[in-house]
Amino acid sequence: MARPGCDAAALQRTVGADTTITAAASATTPNTATRYCKVDGYVATSGPAGSNHVNFSAALPDRFVGRYLFNGIGGAAGSIPPIDEAQLAAGWAQAGTDAGNQGSVLDYRFAVDRTKALDWASRGVHVTTVATQAVTRAYYGLPTQAGALHRYISGCSGGGRMGLVEASLYPTEYDGVLAGAPGSNSLNILKFGQIVSYLLAHPDAWVSPDQLGQLEKALIAKYDARDGAADGFIRDPGVVDTDFAPYGLFTPAQLDLLRLITGELKVGDRSYPGFSASNVTGWSAFLTGTQPPSTWGTQPPPALILFDTVTRALFGADYDFRTQFDFADPADPQSWATTFDQVFPGQNAAADSYDRFRDAGGKLLIWHGASDNGISVFDTIGLYGKVAAHQHGYADTQRWARLFTVPGLFHCFGGPGAQDTPAQGLAALADWVEHGQVPRTIVVHSAADQPKADFLLCPYPAHPIFLGGADNPRHLNALDAENWRCSA
């Protein structure tokens, strides 16, 4: 069969009857001047609330190296993510989807339409993966057998969740999954609700950014050198004692709020751990707001928007958690968690659900900021631990799945730590999938506008050790990855 070229009508013949190619045209990226074929389309779906369109876009570069990358998108999706120009210039074909929702990335009210909810949860990425991989193979004249196209999916937060859903439910669709800070535990959103509900009921408990800045300085002074280097980074957030009363910075109501943020949320036999205290200044932007609760009518923190809109998606557009939801009544959180699982199937995968992905030869690389202010790094560590326990230990699990935590990194980006983990992680994952080079370490780097720092990432449960020692008699640079090694 002849290759179809960059033509919508010709590409239409390469996909299934449920898929419509709406446009195909040559384009050039603005920054790297990479020429490619831009393909747009949608997959028609149906479900409890009727029909839906899951939109997608593909970018097929003129110079192609046999690699396909699906770009995951976080939150409620709502739009197709932009092209990764660097990867396109390197010859990677790309694809992405809005997951069947056309709206705001923080607004989940679309899910009152249960067909759209199903597409966002577990079906949208699958159907657009099938369509865009078919288009990619046809455009480049590739056969369908394994190895003809190296297939990767990468994303952070909800985009990382997309990768885990693919690995657990559709284990043969990708050779490599790069999952950043994966929002795979639905209790994460409920944790947001617990925090903002307390603040709305106790506005005097609000902690200002300045107070959090003072706390962060105190915590760094106390815990920074626990990893052997006084470099301004608490690389292992697990060492921090989250009893903040001795610092004398907070009122009793504020201390109760901080205990909520760092403490465990339990719902029946499930739980969600508290947030890392390694860089507490990040809490203002995501969890507690940069201004007091009295101003939240116009400037609510993302935690409030997410909990509010998800809860309306679960219980109806007119549902108001402020007056109708009570965290003190165990029935309300339990009902919320049960309903979430019904509305958004495919989340909260069991430890054994990744066995088929492993058995198919798939490789999973997870990364998570040690200072994440949106999804608890401890939850991802817990998920990885459950998978390892199911597979008889970390050594067996590391043959196909590895977890790396990133010092100083907030939720996907931001914070004083490294900012290029997605690019470095994808390179390591490709070497693992295509050449069998196990990622024993990954080196990542600070942003250009931050002080220069390189970080050695170690596969959990190993952790980095500074070679200079506590006294650093050789005056080694603690912000140079060459001066660190991974523990056994």
Side-chain angles (χ1 to χ4, degrees), residues 43 45-55 72-79 97-129 153 155-170 173 177 179 181-194 265 267-272 302-303 305-317 319 321 325 332-351 353-354 374-376 379-380 383:
V43 179
T45 60
S46 61
S51 62
N52 190 30
H53 284 176
V54 183
N55 298 306
I73 183 171
S79 62
T97 182
D98 62 8
N101 166 38
Q102 299 79 50
S104 167
V105 71
L106 293 180
D107 191 343
Y108 281 79
R109 288 176 293 178
F110 74 89
V112 296
D113 180 324
R114 297 308 195 226
T115 302
K116 287 179 177 285
L118 174 59
D119 285 331
W120 175 88
S122 55
R123 185 171 60 182
V125 173
H126 161 61
V127 297
T128 54
T129 289
I153 181 170
C156 188
S157 191
R161 177 198 65 85
M162 288 177 170
L164 292 189
V165 169
E166 281 290 303
S168 63
L169 297 183
Y170 309 101
E173 290 186 351
V177 171
S184 58
N185 185 341
S186 59
L187 296 189
N188 179 214
I189 302 290
L190 195 61
K191 183 68 176 177
F192 293 160
Q194 183 190 42
L265 169 65
V267 180
D269 60 354
R270 296 173 56 190
S271 65
Y272 189 83
I305 299 171
L306 289 165
F307 181 66
D308 182 42
T309 60
V310 169
T311 303
R312 291 178 190 273
L314 300 186
F315 301 121
Y319 189 95
F321 79 88
F325 194 98
D332 280 1
Q334 185 63 67
S335 174
W336 192 98
T338 301
T339 306
F340 187 101
D341 292 343
Q342 294 168 348
V343 173
F344 299 113
Q347 317 309 300
N348 308 306
S353 64
Y354 302 100
I375 295 176
S376 173
D379 188 58
T380 297
L383 170 64

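Aromatic ring pairs are classed by plane angle as parallel below 30°, tilted from 30° to 60° and perpendicular above 60°; the pair Y170 and H126 is parallel. Ring pair F340/W336 is parallel by interplanar angle, where below 30° counts as parallel and above 60° as perpendicular.
When atom types are taken as modelled, the side chain of D98 and the backbone of N55 share a donor-acceptor pair closer than 3.5 angstrom. Of the possible polar contacts, none joining the R161 side chain to the G183 backbone as a donor-acceptor pair under 3.5 Å is found.
Considering all non-hydrogen atoms of both residues, S186 and N348 come closest at N-OD1, 3.0 Å. When all heavy atoms of S271 and N185 are compared, the closest pair comes out as O-ND2, 3.5 Å. Of all heavy-atom pairs spanning G75 and W120, the tightest one is O-NE1, 3.1 Å. Nearest heavy-atom pair, S122 versus G346, reported as atom, atom and distance to 0.1 Å: CB-CA, 4.5 Å. Scanning all heavy atoms of the two residues, the minimum distance from A77 to I73 falls at CB-CG2, 3.6 Å. Summarising the geometry of A350 relative to S353, their closest heavy-atom pair is O-OG, 2.6 Å, with the distance given to 0.1 Å.
Between D341 and R270 there is a salt bridge, since at least one side-chain N of the basic residue sits less than 4.0 Å from a carboxylate O of the acidic one.
Note that CG of N188 is 7.5 Å distant from OG of S157, once rounded to the nearest 0.5 Å. Within the model, atoms CG of L169 and CG of L164 stand 10.5 Å from one another, a figure rounded to the nearest 0.5 Å. Considering CZ of F307 and NZ of K191, their distance stands at 12.5 Å, rounded to 0.5 Å. Between I375 atom CD1 and F192 atom CZ the span is 6.5 Å, to the nearest 0.5 Å. Between R109 atom CZ and I305 atom CD1 the span is 10.0 Å, to the nearest 0.5 Å.
For the pair V105 and S79, the minimum side-chain heavy-atom distance is 4.5 Å or more. Residues S335 and F315 form a side-chain contact, since some pair of their non-hydrogen atoms from C-beta on lies under 4.5 Å apart. Counting only heavy atoms from C-beta outward, the side chains of T129 and T97 never approach each other to under 4.5 Å. Within the 4.5 Å cutoff, no side-chain heavy atoms of V43 are placed close to those of H53. Between R123 and T115, some side-chain heavy-atom pair lies under the 4.5 Å cut-off.
Taking Y272 as the reference, nothing meets the ring-ring contact (aromatic ring centres under 6.0 Å, His included) condition, with sequence neighbours excluded. Scanning for side chain to side chain donor-acceptor pair (under 3.5 Å) contacts around K116 gives N52, Q102, with sequence neighbours left out. For T380, the side chain to side chain donor-acceptor pair (under 3.5 Å) criterion is met by H368, not counting sequence neighbours.
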Set out, in order, the CA-CA distance, both residues' side-chain angles and the distance that settles side-chain contact (heavy atoms from CB on, under 4.5 Å) for F344 and L314, then state yes or no.
CA-CA 9 Å; F344 299 113; L314 300 186; 4.0 Å; yes
Go through the steps to decide whether T309 and L106 satisfy the test side-chain contact (heavy atoms from CB on, under 4.5 Å), and finish with yes or no.
CA-CA 8 Å; T309 60; L106 293 180; over 6 Å; no
Under the criterion side-chain contact (heavy atoms from CB on, under 4.5 Å), I'd like the reasoning laid out for D119 against N101: C-alpha separation, chi angles, the key distance, then a yes or no.
CA-CA 8 Å; D119 285 331; N101 166 38; over 6 Å; no
Please assess L190 against V267 for the test side-chain contact (heavy atoms from CB on, under 4.5 Å), listing each intermediate value before the final yes or no.
CA-CA 10 Å; L190 195 61; V267 180; 3.7 Å; yes
